[in-house]
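See structure below.
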Amino acid sequence: MKQITLILLFISSYGFAQTYSYNDAQVWFNLYLEKKISDKFLIHLNQQDRWTNNVSQFNFAYADMGVTYKITKNIKILADYVFTQKLKPDQSFSTYHQYYVAMTFKRDIARWRFMYRNMFQFQYNNPYTSDYGSIPFYYDRNKFIVKYEFNKYYTFYAAEELYVPLNSPQVKGLDRTRTFVGLFYNIFKHQQLELYFMYQNRLQNGAWFKQHNYYQDYNYILEKDFVYGIGYSFEF
């Protein structure tokens, strides 16, 4: 089985912190390719690109290559390498090398689907673009997802993601949260529309939340981001 999924997200986002606020229309493009190797193994490639500043500036590129191993119908293990480049305020790009392993669990009960993902992530920044280039950033990321299939057209969902830094010298405990609510609408058999809202909240000051170093000291501003999104995807 070969599956190719194209996802185009038109994003209208509003970010808020203690000293600034902004509105920014963005476009996020996502290309996901998956190939079944055997009954147990899948390989995948996930490419993401983003245009920000009211869709006037290329801001972000992300390439995720990995493998999935199916333990049972409801339990999977993933291992991935991620190469990322992100635009900095001086118009140069910072580079990140990210690795992660994750385990996912799901359970279907009638029209409900319950999912949990636990991810161990570590990341290296480019030593030429960051003061933290040789220091690994270790995170434990936990995500809980609940979906409800209302009918063959509509599926509603809610999710919560928790970030816990494991080796930060500044932050102990929960560092960041993301809350999602949304719905999927099946237009045709292989085409889907998504409407969603994401709220991201940074809970503690520290250098590792914004690893592209927008600020020059450790007294970072606590951030709250509000993202409203419309997505369209199709498979072939």
Can a donor-acceptor pair be found, under 3.5 Å and without considering hydrogens, that links the side chain of [X] to the backbone of [Y]?
| X | Y | result |
| --- | --- | --- |
| T52 | Q26 | no |
| N186 | K152 | yes |
| R50 | A61 | no |
| K76 | T72 | no |
| N167 | Y138 | yes |
| N151 | Y153 | yes |
| R111 | E149 | yes |

With sequence neighbours excluded, what pairs up with S56 under the side chain to side chain contact (heavy atoms under 4.5 Å, CB included) test?
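So S56 forms a side chain to side chain contact (heavy atoms under 4.5 Å, CB included) with N53.
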
Are the side chains of K70 and F41 in contact, using a 4.5 Å heavy-atom criterion?
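Sidechains of K70 and F41: no contact.
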
ring-ring contact (aromatic ring centres under 6.0 Å, His included) partner of Y148, the single match among Y154, F114, W112:
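Of Y154, F114, W112, ring-ring contact (aromatic ring centres under 6.0 Å, His included) with Y148 is met by W112 alone.
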
List the atom of [X], the atom of [Y], and the distance in Å for their closest heavy-atom pair.
| X | Y | answer |
| --- | --- | --- |
| K224 | N201 | NZ-OD1, 3.2 Å |
| T155 | K147 | CG2-CB, 4.2 Å |
| A79 | V101 | CB-CG1, 4.1 Å |
| K73 | K106 | O-CE, 3.5 Å |

How far does [atom1] of [X] sit from [atom2] of [Y], to the nearest 0.5 angstrom?
| X | Y | atom1 | atom2 | value |
| --- | --- | --- | --- | --- |
| F180 | E160 | CZ | CD | 8.5 Å |
| T104 | R117 | OG1 | CZ | 9.5 Å |
| L195 | L183 | CG | CG | 5.0 Å |

Let me see the working for Y116 and N142 under side-chain hydrogen bond (donor to acceptor under 3.5 Å, both in side chains), right down to the final yes or no.
CA-CA 7 Å; Y116 168 68; N142 298 270; 2.5 Å; yes

Measure from NZ or CZ of K189 to the centre of the six-membered ring of F234 and say whether it is under 6.0 Å with the direction within 45° of the ring axis.
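Verdict for F234: no cation-pi partner in K189.
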
Using the rule that Ile, Leu, Val, Met, Phe, Trp and Tyr join whenever any side-chain heavy atoms are under 4.5 Å apart, tell me whether [X] and [Y] fall into a single cluster.
| X | Y | answer |
| --- | --- | --- |
| F197 | I145 | no |
| M115 | F105 | no |
| V181 | Y199 | yes |
| I43 | L78 | no |

Which residues pass the side chain to side chain donor-acceptor pair (under 3.5 Å) test with N74, not counting sequence neighbours?
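None.
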
Using the side chain to side chain contact (heavy atoms under 4.5 Å, CB included) rule, take H44 and L42 through it: C-alpha gap first, then chi angles, then the decisive distance, then the call.
CA-CA 7 Å; H44 57 263; L42 296 169; 5.6 Å; no

Trace of the side-chain hydrogen bond (donor to acceptor under 3.5 Å, both in side chains) decision for Q191 with Y232:
CA-CA 7 Å; Q191 299 183 48; Y232 170 76; 2.3 Å; yes

Could you walk me through whether L166 and F120 satisfy the side chain to side chain contact (heavy atoms under 4.5 Å, CB included) test, starting with their C-alpha distance in whole Å, then the side-chain angles of each, then the deciding distance to 0.1 Å, before giving a yes or no?
CA-CA 10 Å; L166 299 178; F120 173 69; 3.6 Å; yes

Is D39 atom CG crowded by more than 12 heavy atoms from other residues, nucleotides or ligands, each under 6.0 Å away?
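No - once you tally the heavy atoms of other residues, nucleotides and ligands closer than 6.0 Å, there are 12 at most.
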
Basic-acidic side-chain contact under 4.0 Å: E161, R141
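Looking at R141 together with E161, the answer is yes, because their closest N to O distance falls below 4.0 Å.
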
Other hydrophobic cluster members with F60, side-chain heavy atoms of Ile/Leu/Val/Met/Phe/Trp/Tyr under 4.5 Å, chained?
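Noted: F60 shares its cluster with Y62, V82, Y100, M119.
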
Determine, using ring centers only, whether Y157 and F184 are less than 6.0 Å apart.
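Yes, the ring centres sit under 6.0 Å apart.
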
Stepwise, does the side chain to side chain contact (heavy atoms under 4.5 Å, CB included) test hold for Q98 with F122?
CA-CA 6 Å; Q98 186 182 103; F122 60 101; over 6 Å; no

Measure the acute angle between the ring planes of F93 and F58, then classify it against the limits of 30° and 60° as parallel, tilted or perpendicular.
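Plane angle between 30° and 60°, so tilted.
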
For a quick check under 3.5 Å, do Y99 and Q121 share a side-chain donor-acceptor pair by atom type?
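Checked: Y99/Q121 side chains show no N/O donor-acceptor pair below 3.5 Å.
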
Tell me, with the steps shown, if D64 and L45 meet side chain to side chain contact (heavy atoms under 4.5 Å, CB included).
CA-CA 6 Å; D64 180 341; L45 170 66; 6.0 Å; no

